[in-house]
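These values consider heavy atoms only, across backbone and side chains, with no hydrogens, waters or symmetry-generated copies. Protein chains get the first letters and strands the later ones, always in sequence-line order, with residue 1 at the start of each.
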Amino acid sequence: MFRGDLEVKSNKLIASDTFEIVLQGNVVQQISRPGQFVHIKIGEGSTHMLRRPFSIADYNIKANQLTIIYKLIGDGTEWLSHRRTGENLNVLGPLGNGFEVEGIKDEHILVIGGGVGVPPLYNLVKQLSTQNHVTAILGYQSKDAIFYEQKFSRFADTFIATNDGSYGYKGFVTDVIDQMGVKFDQYYACGPLGMLGAVQQRLIDVDGYLSIEERMGCGVGACFACVCPAINEKGYVKICQDGPVFHSKEVTL
Amino acid sequence: MFRGDLEVKSNKLIASDTFEIVLQGNVVQQISRPGQFVHIKIGEGSTHMLRRPFSIADYNIKANQLTIIYKLIGDGTEWLSHRRTGENLNVLGPLGNGFEVEGIKDEHILVIGGGVGVPPLYNLVKQLSTQNHVTAILGYQSKDAIFYEQKFSRFADTFIATNDGSYGYKGFVTDVIDQMGVKFDQYYACGPLGMLGAVQQRLIDVDGYLSIEERMGCGVGACFACVCPAINEKGYVKICQDGPVFHSKEVTL
Amino acid sequence: MNLSVKLGRLVLKNPIMPASGCFGFGKEFSQFYDLNELGAIVIKAATGNPRFGNPTPRVAETPSGMLNAIGLQNPGVDQIIENELPFLEPFHTPVIANVAGSSEEEYVEVARKLSKSSTIKALELNISCPNVKEGGIQFGTEPDLAYELTKKVKDVTNKLLFVKLSPNVTNIVSIAKAVEEAGADGLSMINTLTGMQLDLKSRKPLIANETGGLSGPAIKPIAIRMIHQVRQQTSLPIIGMGGICTAEDVLEFLIAGADAVAVGTANFQNPFICKELVDNLPKVLEQYGIHSLDELKGAAIS
Amino acid sequence: MNLSVKLGRLVLKNPIMPASGCFGFGKEFSQFYDLNELGAIVIKAATGNPRFGNPTPRVAETPSGMLNAIGLQNPGVDQIIENELPFLEPFHTPVIANVAGSSEEEYVEVARKLSKSSTIKALELNISCPNVKEGGIQFGTEPDLAYELTKKVKDVTNKLLFVKLSPNVTNIVSIAKAVEEAGADGLSMINTLTGMQLDLKSRKPLIANETGGLSGPAIKPIAIRMIHQVRQQTSLPIIGMGGICTAEDVLEFLIAGADAVAVGTANFQNPFICKELVDNLPKVLEQYGIHSLDELKGAAIS
Ligand SMILES: Cc1cc2nc3c(=O)[nH]c(=O)nc-3n(C[C@H](O)[C@H](O)[C@H](O)COP(=O)(O)OP(=O)(O)OC[C@H]3O[C@@H](n4cnc5c(N)ncnc54)[C@H](O)[C@@H]3O)c2cc1C
Ligand SMILES: Cc1cc2nc3c(=O)[nH]c(=O)nc-3n(C[C@H](O)[C@H](O)[C@H](O)COP(=O)(O)OP(=O)(O)OC[C@H]3O[C@@H](n4cnc5c(N)ncnc54)[C@H](O)[C@@H]3O)c2cc1C
Ligand SMILES: Cc1cc2nc3c(=O)[nH]c(=O)nc-3n(C[C@H](O)[C@H](O)[C@H](O)COP(=O)(O)O)c2cc1C
Ligand SMILES: Cc1cc2nc3c(=O)[nH]c(=O)nc-3n(C[C@H](O)[C@H](O)[C@H](O)COP(=O)(O)O)c2cc1C
Ligand code: FES
Ligand code: FES
């Protein structure tokens, strides 16, 4: 883990209220897996005391670059959206353990993303697709919120669902799973808690991994802000340190 | 009075810890006299709740520009020093009444400035010098803190004093007055309270005007942050609204 | 959208008013916008006699806030009535007078005199000013004293009586309940928290009075907590304040249980703020799916 | 420059320590720098049994501050002694254990157990945690209860006993005096102020526990005021905290009357902060013409 200044290489709107930012710097060299995240300092001085966590959507060790996709929510993401090429961002990371991809071979894998839960799945799909057959179901609010459809299509059979039916399937990602009626060997999901809970229930017989969000303080396991009840000895996990990815049987959503 | 965004035309170091910033915008059109000041918003959002007052050192109605000279003191001036050409500053002004210059003719006038009390005297001297003989005594910490010596020299007999004697007279501006032994018709002074008090005492028989600093809240006369005891009916004046320039007989320093 | 709110029998055209001490007697801000735009105007504290207040410096900046120790400087109740109120009279905006003092007698006298003015629509009893050595604060920290004072003032006024609570207490609900029992028509909350800043060079407090009152966004979470807490225990109208800078902040106070809000420190950063809040509030309400301020009633009660 | 300070018989190599609850049990931060750099380490609160704490969300950001309602989550005193302290044992940095509980008995039991550990050099009695429904806070707001609890704990420990005061009180001096009389060896101040933030969409408190503790630079002026106030009345060592982010802030606390300082929230924004403060302090002291920390003793007493 590392704290450093990363340089903004680009920062652009890619869907409604959704930005893609590319950052360059040595923190990238420490990334070991898809699904890890970075903790970004926001604002000047000590006006914003909490960093903001964002999943690493993609990374390129050689180019020393990583990509984040973020949605405008409040002060922090608003501030981020004004950063221009050439400016520096103070980043703590990579944090968390990310998705286990080592040794997964010849499987039919389902990847399920909802909204800003889609980004961490992109590099995951890239990696898994080299030795597996990957199907991706990506859910968005509506047509203008969709991003990265083409990019996913290059590595996975990609299905899009929108809440309002303005594009692709109308409804939730779980509806799409139902309609497919296929049995997968393994799944990976990231998205709002409600979606993760529904997926966890729906695919109860399948080995799965869930990437979870929670409001964070330290981001490094010291403050107990980000706990989630779990079926383990301690009765909880810390999302920042033990996660953000957990086996679907471990966490109680 | 007006609130508006002024564009930074230049912002440069002109002496140790001392910057000159030139701003352009319509607030300039409202300036009526030298010695008025502007109240500048500092920082992003509501992290810095108080504006910062700075005297207008010079202004040019045609070019729609004004000049401020500021010394690095704390957060606000530090932030100001990072503003680049083309950025906007939110400015409230012009505030206060400034120096009375109308109808002053054929007099021998003494102008006394100390440190960042020098700036408001510059445009004053420019204006007074057209119809009067002006002598200026400017006091600085030391040689490297001196600014605008040449500029003053164009309009006034200019004497420099430094506390450490590294340039010009060694000592305080009042020492220079003593050494001159000249009788002036009127004087104008701006600088630290200690200096103003000493000048007020030293030139007790001369009509004088003092420009005073005090920590401000509103800058417009509403909050009573900036009062100064005075010999008038109310017993006080508000520096922002009634000043910042006062007759030397009016205020009790 | 209809923004009007009722504080007991007082109807305001909108819930936005400047807070006492941050708006003088209105004249200065009338250069910036038409005071008729405001829901109400709360004027600077009045005392029995003219007060010069504390030595300077009287203000300091703090992270997302400021300290002030003005010390209730004001020309005294008689001069306020004679010289300041006439300017406000023609406006269609109710004026609320902030009543201060160092003794029970002084409070009562100031309240009695102000009550005679037809320009004044309500009194705000400042039992919480932390910047005055004698009196002032104790009334706001002891339920019994708060009760007594409120009762005495209520006896001499026919105006609505809002009591302005101090946040510098262990149990704000007990003070709120005490003044309610004494007959208060409403509450104003919160006043400033007592704070201090030191000057590193002189190693002395930066504000001449040593301590000052902390205001601004820094204290907003404390204000929201206290209003929410008090709202569970009373149905008195509450004027909420403490760090309001945006229309979202106004909404947060209304959800917490305030019926109207006052804006203090933000006037210094942006003298147009009160008018801007009036203008922006409908948009922000709509953004959160709120079509009338009545929908927010009871949101706070848990 | 010699930065060492004495808190009673405890000598620290410098006055900088992380505040309880913001540094876990040290392990995580040992990735960032050598814990031997620190003056001391205050570990997360210990209770008698393991506690899961409050539901999430547990933190929110506020202007220049944050709210937290962790709810004293910790593995319980036995497991802390067994699993967490061994990691800290080899460091040459004194460890201060934060003692919490819901009842007098629990506090006493936790204190007794921790006192047996040779890794622990002092106890910090947390009578002020605002995020626990039962117990916790009342001990910090009633001088009598604070006195009783301090006395009981003092009876079972041979360690230095610091009592951590709550700022949510009308009169902090009375609490400080009470715990001093009960035998406290020092004071820690301040804990967080109770605050709340509302979510405009759901119209509910953002933090699941509803209220949370406000920390960070926003509360610094209140911390400085309270330390300054208490310093006039006691010569007990004070560990000062509340919003420290810079070496200038450290100096301000020392001038106010603190003997050492703890840094909480700032660790989240900058995990290297404590080490950076240790490194920067000498420079800043020199800038203000201070050649030894002893020069600051008594600066606060007016
Ligand atoms: C492990 C992890 C990975 C994430 N990855 C992404 C991503 O790839 N793209 C993306 O758009 N968002 C992602 N999020 C959510 C993102 O952190 C929030 O949207 C962001 O912090 C909002 O900040 P703000 O200042 O704009 O919002 P505000 O609401 O103003 O933030 C206030 C506070 O709440 C916190 N907060 C608000 N919403 C969330 C949330 N959903 N999760 C956690 N904290 C929150 C903020 O961090 C901040 O501390 C991730 C969150 C986690 C925990
Ligand atoms: C009418 C007037 C005219 C001024 N003209 C000039 C000028 O032309 N050039 C110049 O360099 N300075 C001038 N000053 C002083 C200038 O306002 C302060 O140096 C500046 O506000 C410091 O801000 P800061 O954030 O850097 O310092 P900080 O110390 O961090 O400021 C903290 C707070 O204290 C206030 N403050 C600090 N020092 C002063 C001071 N000396 N006077 C008033 N408020 C202060 C700030 O405004 C702010 O509210 C003038 C002051 C007044 C009242
Ligand atoms: C400079 C200043 C002067 C104040 N004077 C008064 C006053 O005279 N009477 C009063 O009741 N409150 C006074 N207050 C408190 C405000 O009315 C308000 O309660 C407090 O500042 C919190 O609101 P804010 O954060 O929006 O400023 C004053 C506040 C400031 C900043
Ligand atoms: C997330 C968090 C957890 C905390 N946990 C504890 C705790 O367990 N025990 C305690 O005495 N104080 C606890 N505190 C309070 C801090 O130790 C400190 O007193 C307070 O935050 C003020 O300092 P700061 O502004 O530097 O954070 C906690 C504070 C935070 C922010
Ligand atoms: S954010 Fe601090 S433990 Fe996870
Ligand atoms: S600064 Fe408010 S009256 Fe002068």
Side-chain angles (χ1 to χ4, degrees), chain A residues 1-5 30 39-53 73-79 90-96 193 212-230 232-243 251-253, chain D residues 18 21-32 43-45 50-75 79 83 200 206-208 212 214-218 220 243-246 249 264-273:
Chain A
M1 187 192 322
F2 195 80
R3 181 192 57 162
D5 282 342
Q30 321 280 321
H39 217 25
I40 302 187
K41 182 178 184 296
I42 293 297
E44 290 182 27
S46 38
T47 60
H48 288 83
M49 292 304 290
L50 298 182
R51 287 171 178 263
R52 303 294 195 261
I73 301 290
D75 272 16
T77 46
E78 168 77 20
W79 182 86
N90 190 276
V91 174
L92 190 67
L95 301 177
L193 265 196
I212 314 181
E213 283 184 10
E214 185 51 81
R215 293 192 177 233
M216 292 185 174
C218 66
V220 300
C223 78
F224 290 87
C226 69
V227 298
C228 176
N232 64 13
E233 205 189 324
K234 291 186 294 184
Y236 69 89
V237 288
K238 289 184 253 177
I239 291 172
C240 66
Q241 191 178 40
D242 305 323
V251 285
T252 318
L253 299 181
Chain D
C22 303
F23 206 72
F25 298 97
K27 209 176 281 171
E28 290 80 14
F29 284 85
S30 70
Q31 309 166 75
F32 295 112
I43 57 177
K44 171 121 199 81
R51 276 182 77 109
F52 178 70
N54 293 321
T56 57
R58 293 177 172 186
V59 294
E61 195 179 68
T62 69
S64 298
M66 68 175 282
L67 292 169
N68 90 81
I70 307 296
L72 294 181
Q73 174 157 16
N74 80 99
Q79 285 196 48
N83 302 327
L200 302 183
L206 200 143
I207 286 198
L214 182 65
S215 62
K220 197 184 73 170
I244 293 175
C245 289
T246 65
D249 294 336
T265 307
N267 290 289
F268 303 160
Q269 201 198 39
N270 174 7
F272 294 87
I273 186 71

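D:Thr62 touches chain A through its backbone: at least one of N, CA, C or O sits under 4.5 Å from a heavy atom, while the side chain does not. Only the side chain of D:Leu206 comes within contact range of chain A, with heavy atoms under 4.5 Å apart. For D:Ala218, no part lies under 4.5 angstrom from a heavy atom of chain A. Residue contact with chain A, scored on non-hydrogen atoms closer than 4.5 Å, involves the backbone of D:Pro63 exclusively. If you measure heavy-atom distances from D:Pro50 to chain A, you find no contacts under 4.5 Å at all.
Seen from the ring of D:Phe25, D:Lys44 does not count as a face-on cation partner, given the 6.0 Å and 45° thresholds.
In this pair, D:Phe23 and D:Phe29 present their aromatic rings parallel. The plane angle is below 30°, not in the 30 to 60° band.
Here D:Gly65 is the residue among D:Gly216, D:Gly243, D:Gly65, D:Pro55 with the most heavy-atom pairs under 4.5 Å with chain A. Interface remark: of the candidates A:Lys41, A:His39, A:Glu214, A:Glu214 forms the most heavy-atom pairs closer than 4.5 Å to chain D. Contact tally against chain A (heavy-atom pairs below 4.5 Å) for D:Ser64, D:Ala60, D:Gly24: the top residue is D:Ser64.
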Next item on the list: List the steps and the verdict of salt bridge (charged side-chain N to carboxylate O under 4.0 Å, His left out) for D:Glu61 and A:Arg52.
Entry: CA-CA 10 Å; D:Glu61 195 179 68; A:Arg52 303 294 195 261; 2.8 Å; yes

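Identified under the salt bridge (charged side-chain N to carboxylate O under 4.0 Å, His left out) test for residues 62-74 of chain D, with sequence neighbours left out: none.
For A:Arg215, there are no salt bridge (Lys or Arg N to Asp or Glu O under 4.0 Å) partners, not counting sequence neighbours.
Side-chain atoms of D:Gln269 come within 3.5 Å of backbone atoms of A:Gly45 as a donor-acceptor pair (strictly under, hydrogens ignored).
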